[in-house]
Student: 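This is the structure, below, for whatever I ask next.
As the structure lists them, so they are numbered: ligands from 1, and atoms in each ligand from 1. Predicted model, so just to flag it, every value in this text is computed and none were measured. The analysis underlying the following values was restricted to heavy atoms, covering all of them including side chains, and did not include hydrogens, waters or symmetry mates. Along the sequence shown, the residues carry numbers beginning at 1.
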Amino acid sequence: MSYRVHWMNTGEIEVALGTSLLGLGYNPKMPGGQILTYGYQERIERADGTVGSGTMVPIPLYYIEGTKQKIIVDTGTNPETCKEGEVLTEAYGGRQYWYTTPEQDVRAQLGRLGVTPEEIDIVIMTHLHLDHIGNTKLFPNARFIVQRDELAWFMAPPIASAFYYPELRHYFADIMDQVDCIEGDMQVENGLDLVLVGGHTPGSMVVLIETVNGKVGLVGDFYYNYVNMEYDWPPGAYWDLGEWLRNSRRIKQMADIVIPNHDYYYMKLYPEGVIE
Ligand SMILES: [Zn+2]
């Protein structure tokens, strides 16, 4: 059994270094005393004339080719969700800048592979942060697989909860009939497994996919970027640090090829966007 994984970028966010790397990557034992993310920019000149610093990161989803059912992992973003992301992060503190283009439209990108959103049977949700749930309503015939804990915290977030906001409930409240909650690990098809790892969020899942070159691990935002993975250095946005550290080691044992979710370094390794 071997599958191919298609990476589809649906947009871009400007992410502050503190979100990408716990403690801004400072540590005397690190090269130069501080590690930085790939593509980090001290000065980002934005279209609105303001200036920021941080990393422009992709917002991908994944289409898995070769399975019996038509399966995607996460749903990416769209123009309305980008706007919502900016308004909410502004309201809750720490405005983020979100971007998307017409070429990044999910229907258009799936169309290039000859697939329509209506044909998708299964949507695997690595977790329920806004940059992953933007297009939940685009797949009317899909079942959504999500960890029960993840959905519970998402629907009723505690007040001090970065990136879960009550205003976002509609992304799942409106499709609740399509949701299959799971608790723990699950096999979706032969050679396609879900493993609960938490750490980044209560119900973060890793998707393990058999390919000709080994087992690919799509880790959601457990690893935001390659630096998180290489140095076992958590992203700044985490839920349970102890769980993160324990499962970071586990993930590297489970998968031969690990794909951090928000890092353009991916394009250096896989210029065609395909992992196999
Ligand atoms: Zn994300």
Side-chain angles (χ1 to χ4, degrees), residues 5 7-22 37-40 54-63 72-86 88-89 92 94-100 104 106 109 123-136 144-147 149-151 153-154 157 161-165 167-168 171-172 194 196-207 217-229 233-240 244 247-248 251 258-267:
V5 183
W7 182 90
M8 294 181 188
N9 189 16
T10 69
E12 203 174 53
I13 323 179
E14 178 192 313
V15 175
L17 190 58
T19 304
S20 303
L21 291 172
L22 181 61
T37 52
Y38 174 76
Y40 173 77
T55 311
M56 301 307 300
V57 306
I59 309 176
L61 65 76
Y62 305 85
Y63 175 72
I72 60 168
V73 178
D74 291 336
T75 72
T77 192
N78 60 54
E80 293 74 39
T81 300
C82 285
K83 212 169 295 161
E84 214 172 348
E86 293 196 336
L88 278 174
T89 50
Y92 284 96
R95 171 174 172 170
Q96 287 181 326
Y97 288 78
W98 293 53
Y99 307 92
T100 187
Q104 292 173 324
V106 173
Q109 293 199 76
V123 179
I124 297 165
M125 297 301 313
T126 62
H127 67 299
L128 302 184
H129 281 163
L130 182 57
D131 50 318
H132 300 252
I133 62 176
N135 294 298
T136 53
F144 285 73
I145 302 177
V146 57
Q147 290 288 334
D149 266 1
E150 185 72 17
L151 189 64
W153 286 105
F154 169 82
S161 176
F163 308 128
Y164 288 142
Y165 307 117
E167 290 86 343
L168 300 177
Y171 283 100
F172 273 84
L194 309 180
L196 171 63
V197 289
H200 176 63
T201 63
S204 278
M205 285 198 281
V206 169
V207 186
L218 303 179
V219 299
D221 293 3
F222 188 97
Y223 296 131
Y224 222 78
N225 51 63
Y226 280 83
V227 173
N228 298 142
M229 175 173 66
W233 196 289
Y238 63 83
W239 187 267
D240 183 328
W244 192 93
N247 280 317
S248 181
I251 286 169
V258 178
I259 307 294
N261 200 55
H262 293 296
D263 197 334
Y264 276 121
Y265 190 71
Y266 173 91
M267 290 305 286

Student: Surrounding OH of Tyr92 (heavy atoms of other residues, nucleotides or ligands, distance under 6.0 Å), is the total greater than 12?
Tutor: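 Atom OH in Tyr92 is packed in, count exceeds 12.
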Student: Any idea which N/O/S atom from Asp131 gets closest to the Zn ion (ligand 1)?
Tutor: OD2
Student: Please give the atom name: the N, O or S atom of Asp221 nearest to the Zn ion (ligand 1).
Tutor: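 Going by distance to the Zn ion (ligand 1), the closest N, O or S atom in Asp221 is OD2.
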Student: Atom CH2 of residue position Trp7 - does it have more than 12 heavy atoms of other residues, nucleotides or ligands inside 6.0 Å?
Tutor: yes
Student: In His132, what N, O or S atom is nearest to the Zn ion (ligand 1), if we give its atom name?
Tutor: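 Nearest to the Zn ion (ligand 1) within His132's N, O and S set: NE2.
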Student: Within the stated cut-off of 2.8 Å, is an N/O/S atom of His262 closer than that to the Zn ion (ligand 1)?
Tutor: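 A backbone or side-chain N, O or S atom of His262 is under 2.8 Å from the Zn ion (ligand 1).
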Student: Which pair of heavy atoms, one from Asn9 and one from Ile59, lies closest together, and at what distance?
Tutor: OD1-N, 2.9 Å
Student: Parallel, tilted or perpendicular for Phe163 and His129, by the 30°/60° rule?
Tutor: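 Perpendicular.
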